[in-house]
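This one's a predicted model, so the numbers in the text were calculated from it and none came from an experiment. Note that ligands are numbered from 1 as they come in the structure, with each ligand's atoms numbered from 1 the same way.
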Amino acid sequence: MTDAVKLGFNAIGAAPKGVLVVFCDDRLGFGPATRKALAATGDLVARAAKAERFAGKAGSAIELVMPEGLKLPRLLVIGTGKATELKAKDFLKFGGIAMGKLPAGASEATILAELPDGAMSAAQAADVAQGVRLRAYAFNRYKTKRKDDERRAAATVSVAVSDVAAARAAFAAREAVADGVDTARDLVNEPPNVLYPEEFARRAAALKKFGVVVEVLDRKAMTKIGMGALLGVGQGSARESRTVVMRWNGGKKGEAPVAFIGKGVCFDTGGISIKPAAGMEDMKGDMAGAACVVGLMQALAKRKAKVNAVGVIGVVENMPDGNAQRPGDIVTSLSGQTIEIINTDAEGRLVLADVLWYTAKRFSPKFMVNLATLTGAIIVALGHEYAGMFANDDKLAERLTEAGQETGEVVWRMPLGPEYDKQIDSKFADVKNTAGSRAGGAITAAQFIQRFIADKTPWAHLDIAGTGFDSRQNDINKSWGSGWGVRLLDRLVSEWYEQK
Ligand code: BES
Ligand code: MN
Ligand code: ZN
């Protein structure tokens, strides 16, 4: 839900309207158009900078109310630091800061997209605009009252650029991606009584309007093909499980697709191995992986990506019940491998086991990337900054790492190996769903998933338990649901797998 901003592009020479946003480097240098726009203020900015000890550090800012000499309500100066070697994520951040500093009462703003050495490129200005969009998101669907300091009407934000047509063209794709991020955030923020598996599947099916081919497998269909691992997780819920397959065919006919798979646990109580009460409400976000896949497919379709892509999500609810799965149960997965359930709270890997096997067998994709809020252990290891990455393919891992550095959705590679793998051998079945010890819990979870990667398909698993929701609030996100991964994977696709 991003009704807080209307974005547009204008020529950099035109008279600015509303709050004026400008950029300076760490020597307080401005570009030529900015100097011109500020000429009437004399040395006001220099004096204000001195008074505030503002040194143009990247991401720092000073605000001047009713700046003398300008007929504008407010001037915002944002530091870029050393203006050399700025990445996409930096321009996003500048846009996010600008939007964040816009008072709730302000209805208009102009951002001068210029660095000290001249106008920003179309791509850089479009990144600033995307940052504005991402920051403007707020999930207000269930608030019936607004506080006085909350925005009531959308602000009109105009980005002043040297080449309006080029900036608009560059923004079109970024707008599609921002829409995808917002879709993912909406899904994560929705309460679990509203967003149960069938409803999640309906929302994914809404991607049809963008040209995505959507198929929904219900319980009957999944029983027929043998998805015993996924179905076991959902069997204690009054809500039926679903698997949703989304296909965007923007590439060459017949070319193998890239594949994205998401864990969609609409609510994770832990099941019979029930979780403690404190913080359990957060487990409405246990579908952040699936939400990212839906947002990504929307982004690829809306920007008409020249790629064949499939998104597959397993959507379930993990509840304790008379019919729920027990510790000790043995289920047969789609792969034919039998799984001993040790802990019903290790449910995400069971869902992924079936959807990953299904995806590899049905689509023979170029690679698979799965996203899952899989383990508390990855939060212990990496906190909320990096997602954990596990991969059977160095090339894919390198590309994901690089896309992370560029977008700011960073991933840190974790190890896999036979010493970890043997910890999930079972006394009674082919494999058990948790290792004997909590040590290396994110790794043994990844080892479990790896046993369900068919045909040596290149694969990466992103454990987003620390990044999918909460604590990832920053300059371009103030929402609980972060939409993490949409920008990362869009970048992976556009950089490496799209026809140019
Ligand atoms: N959904 C949780 C993991 C999680 C925890 C995500 C906190 C986000 C924030 C997952 O299903 C789970 O319960 N994992 C267990 C595994 C354990 C039983 C082996 C965990 O991490 O404790
Ligand atoms: Mn769990
Ligand atoms: Zn879970």
Handout entry: Glu347 near the Mn ion (ligand 2): N/O/S under 2.8 Å
Key = yes
Practice task
Report the part of Phe469 in contact with ligand 1, treating N, CA, C, O as backbone and CB onward as side chain, heavy atoms under 4.0 Å; options are side chain, backbone, both, neither.
Solution key: side chain
Exercise for the section: Could you check atom 19 (C) of ligand 1 against the protein and tell me its nearest heavy-atom contact, residue, atom and distance included? Expected result: Thr434 CG2, 3.6 Å
Exercise for the section: Flag the pair Asn433 / Glu340 as yes when at least one side-chain heavy-atom distance between them is below 4.5 Å, and no otherwise. Expected result: no
Practice task
Could you check if a side-chain atom of Val310 sits within less than 4.5 angstrom of a side-chain atom of Phe260, using non-hydrogen atoms only?
Solution key: no
Practice task
Might you confirm whether atom CZ of Arg438 has over 12 heavy atoms from other residues, nucleotides or ligands at distances under 6.0 Å?
Solution key: no
Problem - Per-atom contact, atom 22 (O) of ligand 1, protein heavy atoms, under 4.0 angstrom - result: no
Practice task
Count the heavy atoms of every other residue, nucleotide or ligand shown that sit under 6.0 Å from OH of Tyr420, and state whether that count exceeds 12.
Solution key: no
Completion exercise
the Zn ion (ligand 3) has as its nearest N, O or S atom from Asp286 the atom OD2
Exercise for the section: Verify the neighbour count for atom CZ of Arg219: are there more than 12 heavy atoms of other residues, nucleotides or ligands below 6.0 Å? Expected result: no
Handout entry: Residues Arg413 and Asp394 bridged, charged N to O under 4.0 Å
Key = yes
Practice task
On the 0 to 90° scale, with breaks at 30° and 60°, tag the Tyr358-Phe363 ring pair as parallel, tilted or perpendicular.
Solution key: perpendicular
Fill in the blank from the handout: Judged by heavy atoms only, the candidate from Arg349, Arg438, Lys263, Met283 nearest atom 17 (C) of ligand 1 is Arg349
Problem - Mutual orientation of the aromatic rings belonging to Tyr137 and Phe139 [parallel < 30°, tilted 30-60°, perpendicular > 60°] - result: parallel
Handout entry: Min N/O separation Asn343 to ligand 1 under 3.5 Å
Key = no
Practice task
Examine Trp357 together with Phe452 and report whether their ring centres are nearer than 6.0 Å.
Solution key: no
Fill in the blank from the handout: Closest to the Zn ion (ligand 3), among the N/O/S atoms of Asp268, is atom OD2
Fill in the blank from the handout: To atom 1 (N) of ligand 1, the nearest of Val351, Asp286, Thr375 on a heavy-atom basis is Asp286
Practice task
State whether Lys263 contributes an N/O/S atom found under 2.8 Å from the Zn ion (ligand 3).
Solution key: yes
Completion exercise
The N/O/S atom of Asp268 lying closest to the Mn ion (ligand 2) is OD2
Fill in the blank from the handout: If you scan protein heavy atoms around atom 10 (C) of ligand 1, the nearest is Leu374 O, 3.3 Å
Handout entry: Nearest to the Zn ion (ligand 3) - the N/O/S atom of Glu347, by atom name
Key = OE2
Handout entry: Check: Gly481 main-chain N/O paired with Ser479 side-chain donor or acceptor under 3.5 Å
Key = yes
Completion exercise
The protein heavy atom nearest to atom 20 (C) of ligand 1 is Gly376 N, 3.9 Å
Exercise for the section: Tell me which protein heavy atom sits closest to atom 2 (C) of ligand 1, plus the residue, atom name and distance to 0.1 Å. Expected result: Asp268 OD2, 3.6 Å
Problem - Min N/O separation Glu347 to ligand 1 under 3.5 Å - result: yes
Problem - Residue part near ligand 1, for Asp345, under 4.0 Å between non-hydrogen atoms - result: both
Practice task
Step through the shown structure and confirm whether more than 12 heavy atoms of other residues, nucleotides or ligands are within 6.0 Å of NZ on Lys478.
Solution key: yes
